[in-house]
Amino acid sequence: MSGDRYAPTREDRFTFGLWTVGNVGRDPFGEPTRPTLDPVDTVHALSDLGAWGVNFHDDDLVPRGAPAAERDRIVRRFREALDATGMVVPMATTNLFADPAFKDGAFTSADARVRAYALQKTMRAMDLGVELGARTYVFWGGREGSEVDGAGKLLDGLGWYRDALNYLADYAEAQGYDLRFALEPKPNEPRGDLFLPTVGSLLGFIATLDRPERFGVNPEFAHEAMAGLSFPHALAQAIDAGKLFHVDLNDQKMARFDQDLRFGAENAKTALFTVALLEKRYDGPKHFDAHALRTEDARGVWAFAAGCMRTYKILAEKARRLEEDDELRQAIAAYRMPDAELEGLMRFSPENASALKDRSLPLDELRTRGPGLERIDQMVTEVLLGVR
Ligand code: GLT
Ligand code: MN
Ligand code: MN
């Protein structure tokens with residue numbers, strides 16, 4: 001693939017989770033269609049494809065309940081694979097959703113013993129992540145939610161969630177861990193309603209934590225799409241707040257089950273604007289939180305992984321082309337209509353307010369002028385379709 005300008009390089013900082021390429025194709029109706037992958041083989045295969053790093057949940061690497069000696073052996077083998085390939089572990093996370101103990105929530109369980117188990121498991125998982133070099137720690141509250149609201153934990157659930165995150169931030173501080181926390185929203189699935197379902201909800205919640213500076217968000221393309229929301233809009237809000245700590249890229253049809261499709265597979269234009277924003281305003285890992293279709297064998301899995309990265313790079317090239325397109329630039333300049341004098345009056349002072357109140361504005365023109373968005377969008381569409 002050398003000479004291929006879409007071939008991924010380490011500088012692209014593409015990452016995959018062990019659980020992504022390692023997805024065995026199980027779904028609520030059917031059994032696995034692929035064998036389990038050895039994490040060491042995964043590191044080598046991803047490295048060969050040009051990925052930069054690999055992320056994991058505690059249980060993806062060390063099976064739950066493994067004795068200490070077994071844990072050490074697994075970690076040693078994994079580290080050898082990282083050293084041999086130069087692959088890094090930029091992010092780690094905790095599996096707080098698979099164990100049946102978490103069936104009614106982990107940090108938000110009404111049972112204090114479950115909440116204690118969730119904290120214990122997370123502290124151990126943070127130790128493991130930091131040991132392997134992680135600088136970002138993701139929290140996806142897969143079981144933090146409900147189907148039944150009659151049991152009265154709507155407010156308590158949020159309080160317990162806050163207590164847990166404050167505790168873990170204190171733990172990171174006490175351990176001297178150089179870790180930032182990235183909270184990941186999702187509207188539903190596996191719970192009927194998940195708590196803190198959108199990027200905006202989490203940004204509001206972070207402001208109520210004891211150490212808000214340690215916390216940001218990890219928006220996922222598919223999670224916004226499931227709710228019919230716009231991923232680039234969510235990203236923009238996270239960037240505006242200085243809180244885009246990590247990103248999960250994939251694709252999804254709206255209002256369906258969580259598909260975790262190959263990046264760019266479904267909503268090419270939304271993916272283009274996603275890449276355009278990330279290329280300009282984000283320099284963290286670009287993590288593909290997706291998996292191959294259940295129909296696929298091992299070859300399909302690696303084709304899926306290569307496809308995510310390749311599509312990202314194609315879209316990055318398209319985003320650059322949009323910026324360099326003179327006609328498009330002119331159309332955007334005409335759309336924006338700056339007005340230095342009015343913009344001066346829109347900076348508040350009592351004098352400006354009084355002048356602005358008396359100012360006559362060309363309302364007839366404002367009501368009738370077309371901003372030219374159809375032309376702009378057609379130009380973008382033609383760049384995307386490869387004819388411009
Ligand atoms: C799970 C989920 C993802 C989360 C992962 C991190 S696990 O696959 O669907 O969105 O990012 O816990
Ligand atoms: Mn995700
Ligand atoms: Mn998902």
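We number each residue from 1, following the sequence as shown. Both backbone and side-chain heavy atoms feed into the values below; hydrogens, waters and symmetry mates do not. Indexing begins at 1, ligand by ligand and atom by atom, following the structure's order.
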| For the ring pair Phe215 and Phe245, is the centre-to-centre distance below 6.0 Å? |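 Not under 6.0 Å, so no.
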
| query | What do you reckon, are the aromatic ring centroids of Phe97 and His57 less than 6.0 Å apart? | reply |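 Here the rings of His57 and Phe97 have centres that are less than 6.0 Å from each other.
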
| Donor-acceptor contact present, side-chain Lys313 to main-chain Ala316, <3.5 Å |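 Answer holds: no.
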
| Just by distance, do the side chain of Gln252 and the backbone of Gln259 share a donor-acceptor pair under 3.5 Å? |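 Checking the backbone N and O of Gln259 against the side chain of Gln252, a donor-acceptor pair under 3.5 Å is found.
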
Does the distance from a Lys or Arg side-chain N to an Asp or Glu carboxylate O, for [X] and [Y], drop under 4.0 Å?
X      : Y      : result
Asp104 : Arg143 : no
Asp251 : Arg262 : no
Lys186 : Asp258 : yes

Is the shortest N/O to N/O distance between [X] and ligand 1 below 3.5 Å?
X      : value
Trp140 : no
Lys186 : no
Asn218 : no
Glu184 : yes

Of all the non-hydrogen atoms in the protein, which one sits nearest to [atom], and at what distance?
atom                   : answer
atom 9 (O) of ligand 1 : Asp258 OD2, 3.9 Å
atom 3 (C) of ligand 1 : Asp289 OD2, 2.9 Å
atom 8 (O) of ligand 1 : Trp19 NE1, 3.3 Å

N, O or S atom within [X] nearest to the Mn ion (ligand 2), by name:
X      : result
Asp248 : OD2
Glu184 : OE2
Asp289 : OD2

Atom indices of ligand 1, in the order listed, that fall short of 4.0 Å to a heavy atom of [X]:
X      : result
Asp248 : 11 (O)
His57  : 5 (C), 6 (C), 7 (S), 12 (O)
His223 : 10 (O)

| query | So, Asp260 and the Mn ion (ligand 2): N/O/S under 2.8 Å, yes or no? | reply |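 Looking at Asp260, which is the residue asked about, there is no N, O or S atom under 2.8 Å from the Mn ion (ligand 2).
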
| field | Atom of Pro185, atom of Glu224 and distance for their closest heavy-atom approach | value |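 What the structure gives for the nearest pair is CG-OE2, 4.2 Å.
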
| request: Compare every heavy atom of Phe56 with every heavy atom of Gly129, then report the nearest pair and how far apart it is. | output: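 Between these two residues, the closest heavy atoms are CA-CZ, 4.3 Å.
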
| In terms of ring plane angle, is the pair Phe14 and Tyr312 parallel, tilted or perpendicular, where the classes change at 30° and 60°? |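 Rings of Phe14 and Tyr312: perpendicular, as their planes differ by over 60°.
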
| Under 2.8 Å: N/O/S of Glu220 next to the Mn ion (ligand 3) |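 Yes.
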
